[in-house]
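Encoded as structure tokens, the structure appears first; notes follow it.
Numbering starts at 1 and runs along the sequence shown.
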Amino acid sequence: MRKKLNLNQDWQFHLGEINKPKLLAKKSYAFGGLTAPLTNEKGDILPIIAGGEHFLKLISGGHVPIGLRNLAGTELVDKLDDSWETISVPDDWKRREAFENNPATLMQGSKPDGVAYYRHTFTLASDLDEQKEYVLHFDGVMGSTDIWMNGAYLGHNESGYVSIDLDVSDLIRFADEGTNVILVRTDTTTGSEGWWYEGAGIYKNVWLEVREPVHIDQDSVLFRTLDLQSDQAKMQVQFTVVNDTDKAVEVAPKLTLTEQSISWDAVTVSAHEKSNFVKELVITNPNSWSPEHPSLYQANLAIDGDEAQTHFGIKIVKYDTKGFILNGERYELRGVCEHQDFGGVGVALNQDVIDYKIKTLKEMGVNALRSSHHFAFKELLDACDRLEIILMDENRLLEATPWRLDNLRKMVKKSRNHACIAFWSIANEEIVGNIEYAKRSVKRITDIIRQLDPDKLLVSAELLNPEGIVNDDYLKYFDILGVNYPEAGVMGNGAELIHESHPDLPMMSTENASYFSTRGIYKDDGDKCQCNNFGSMYSMVLPGKRKPGDSGVGGTAHPEEVMSYLDSHSYMGGVFVWTGLDYYGEPSPFGWPGISSQFGICDLGGLPKDYYYYYQAHWTKKPMVHVMPHWNEASLEIENGQTKVRAFSNADEVELFINGKRQGRRKVEGCQANWDVTYEAGTLEVKAYQDDQEVASDKRVTSGTVQDVQVAVRFEGEKHIIFELQAVDEQGLLVPMDDSLVSVECENGKIIGLTNGNPADTSSYSLKDIKLFSGKAIVIAECENLKSAKLTIKLR
């Protein structure tokens, strides 16, 4: 049976270039240096036959070590020097680098590019031998990557958004042969794939797969829903059995589901050949998968000596000129776009942090997510499967180059069984999109996806024009035309013109809003890179502070414009708001010292901004109300004694009180109500009414100076816990403007990330100190026993 050996722990890390090993070798496994065992590690630098020593002497004047060095083309190393440090992966080495004021890296998060090396050693257990196959898996390495193992060069990888799978069966060292050595070079100086912060290094899991030479190809397994009725689902399963032995073998696969077992007749698979298996089956009284009912079926495919386990969902997706249809029912997509980083840890997200992000968005009412702008990795796919999120998975680029197409094939096969995927997005805002030249690339890419994953819907997020001009020869390869920002002024009436000229063309909103806001901030401040939550006067396209009505003021479109457009254009299927959380890079509308976006509905640490509750009011049914702003005069905009108050609610009416005095009862329109009131320190309270009965309330209270920092648990995962820090005064009230420096320690745990959501925080990397921002911060800790983890906080 196959095994999975985790290789995440105890890597050695070196920042900066070293004497890079060669890529071409004079003799087999002869690179030596850091690619092979050192003198203090078990095993030979190069296993040498009896005559090999004579050869080494021949090329070195009689000195074997010099002969080895001549072969390797690099200095031989006795031990690692003090420039190497011990770390675990996943790791994003860019997070530890200092921010830089450099226009060239501003959009990528103001972190310098560079080169770094990772080195890992391991030994195999004595019960593992050459009768098995060994595949080395890197789930994700960001940057241009070169990999060596046991004195040999394994290969190169360009994209940080694909996994790397390397068969090392014939060069791995077994227990009696000594230490296995992996050396990885990551280089971000060769170029970026995205215009946002991408991180650097081995930022996903590393593992060694041990399997039988006769095995089921895990990535070949595909479950399809051919037909879905209330009483039964007609399914198809297909997979491939691989025979890597020198003899023909007979296999009789067996599929075990929860309530049934299905067998195939025995088939002979020739030596070094493959056999494909396909079978249709019926599942009675099926539990279909949807965000409201995320039913997953566990499947176990087995042959003698090997098993392949997976889970799948039963669902059918369609899309027409009225929008999205899931399992035969019209379904509104309430989605967000999302990059793959997170405050404090960069792109090195573990499963728990991803689960936290998804759960935070679900509480807002989100039911869909777009992986922007790259393939979704396993952790995100797993989270969406379990936590009830429809996923739009996205191909990185509209390029039909051989290596890009190979990446596409690999990632579609690895992803396609996940129940959450309903859409494949071919690309995003390509400047060659929708023209004659690109149609050949689109045809090739869509052909590949339809061949490998025929039941998903194909869309492209297009950068269109106010004139509504499209290329029909280009569009015919898609199921849906995706339109970014159809509600925005920059699009004009472009999307509506396309709908009028192409009434039979299904259309979808693939990206919306891009609204500027800074958590807890109610005044624009360009020096601090802060945007007013009521609506910023900074523009997406024009410099400096603007006037109402100027192009791009407040962002591409305000949330109200997004939801109003959806109400009158339901055929667009829903929305995908840009973005769920803030992300590093793209600090629009500011330059330095801005280091993160401000488009997020939550900040970098997943703490909600005010408009989180606007969407929640639209997308959830439980009675709720949220009032803004905070109620401390010093950081409010007050003109002639008056200041704005806004409430978001899904109730019929809301009423505002200041220190118990009525300020007016309002009918809720578009899930909000507004007041201009005279500021008076004390208590700002709003009450929500449904059928004239109070159903929810919310309040803000003027606070004093900070006296303490309270700790609350925001999320508990399997191995990680996320804490929220909150500055409070002597009465325990939040101090909403506080930016105190605090020291943090975790008893019975290890802190792996700190973040405060400040879009201009250029502080040095630290796991001990963090400045609060708008009175709050987030701590991510890794713990063996979550219940025993305890934070100690000290105000500095």
Side-chain angles (χ1 to χ4, degrees), residues 23 108 113 137-147 154-166 185-196 198-200 203-204 219-220 337 339-340 347 370-378 380-381 391-416 418 421 423-454 456-463 471 473-479 482 484 510:
L23 307 185
Q108 283 79 33
D113 287 311
H137 296 274
F138 292 85
D139 284 346
V141 185
M142 187 57 71
S144 182
T145 302
D146 290 293
I147 304 171
L154 295 188
H156 181 81
N157 186 73
E158 283 294 349
S159 177
Y161 299 110
V162 297
S163 59
I164 305 169
D165 310 304
L166 302 164
R185 180 182 186 270
T186 68
D187 183 357
T188 64
T189 67
T190 60
S192 300
E193 288 192 79
W195 48 93
W196 55 87
E198 294 187 290
Y203 76 106
K204 293 292 182 185
D219 291 342
S220 73
C337 302
H339 279 315
Q340 63 173 358
V347 296
R370 177 177 170 218
S371 61
S372 309
H373 301 289
H374 43 72
F375 299 112
F377 278 103
K378 183 179 184 301
L380 178 60
L381 293 163
L391 186 72
M392 180 184 292
D393 210 339
E394 190 153 295
N395 174 46
R396 179 62 206 95
L397 286 177
L398 182 64
E399 280 185 359
T401 52
W403 71 278
R404 287 284 186 192
L405 296 179
D406 285 344
N407 286 348
L408 175 66
R409 292 184 186 96
K410 173 187 284 188
M411 297 309 288
V412 170
K413 290 179 71 175
K414 285 185 178 295
S415 307
R416 58 188 178 174
H418 284 274
I421 302 178
F423 307 94
W424 280 103
S425 174
I426 305 309
N428 175 72
E429 295 184 351
E430 288 289 354
I431 56 177
V432 299
N434 242 290
I435 60 175
E436 197 72 14
Y437 175 75
K439 73 178 184 181
R440 287 171 289 161
S441 297
V442 167
K443 183 180 187 306
R444 176 63 64 88
I445 290 169
T446 54
D447 282 350
I448 288 172
I449 297 177
R450 286 194 171 101
Q451 178 186 12
L452 296 175
D453 196 12
K456 307 302 192 302
L457 299 164
L458 303 190
V459 62
S460 183
E462 294 293 338
L463 187 68
N471 184 290
D473 285 341
Y474 174 92
L475 292 181
K476 69 183 180 183
Y477 297 109
F478 297 100
D479 298 309
N484 286 4
T510 42

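Counted by atom type alone, N484 and T510 present one or more donor-acceptor pairs between their side chains at under 3.5 Å. D113 and T188 are linked by a side-chain donor-acceptor pair at a separation below 3.5 angstrom, with hydrogens and angles left out of the test.
No side-chain heavy atom of S371 sits under 4.5 Å from any side-chain heavy atom of Q340. Contact check for S159 versus F375: no side-chain heavy atoms found under the 4.5 Å cut-off. A heavy-atom distance below 4.5 Å is found between the side chains of M411 and F377. With a 4.5 Å cut-off on side-chain heavy atoms, V141 and N157 do not count as touching. Counting heavy atoms from C-beta outward, K456 and I449 have side chains that stay 4.5 Å or more apart. Residues V459 and M392 form a side-chain contact, since some pair of their non-hydrogen atoms from C-beta on lies under 4.5 Å apart. Using a 4.5 Å heavy-atom threshold, the side chains of L381 and S415 count as touching.
Using bins of under 30°, 30° to 60° and over 60° for the plane-to-plane angle, the ring pair H374/Y161 lands in the parallel bin.
Between the CD atom in E399 and the CG atom in L405 there is a gap of 9.5 Å [rounded to 0.5 Å]. Once rounded to the nearest 0.5 Å, the distance linking CG of N395 with CG of N428 reads 11.0 Å. Distance check: S144 OG to H156 NE2 gives 3.5 Å after rounding to the nearest 0.5 Å.
Salt bridge annotation for D406-R409: present, with a cationic side-chain nitrogen under 4.0 angstrom from a carboxylate oxygen.
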Checklist entry - Checking salt bridge (charged side-chain N to carboxylate O under 4.0 Å, His left out) for the pair D165/K410: CA distance, chi angles, key distance, verdict? => result CA-CA 10 Å; D165 310 304; K410 173 187 284 188; 3.8 Å; yes

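In this structure, the side-chain contact (heavy atoms from CB on, under 4.5 Å) partners of D219, at least two apart in sequence or on a different chain, are D217, K413, K414.
When atom types are taken as modelled, the side chain of R396 and the backbone of E193 share a donor-acceptor pair closer than 3.5 angstrom.
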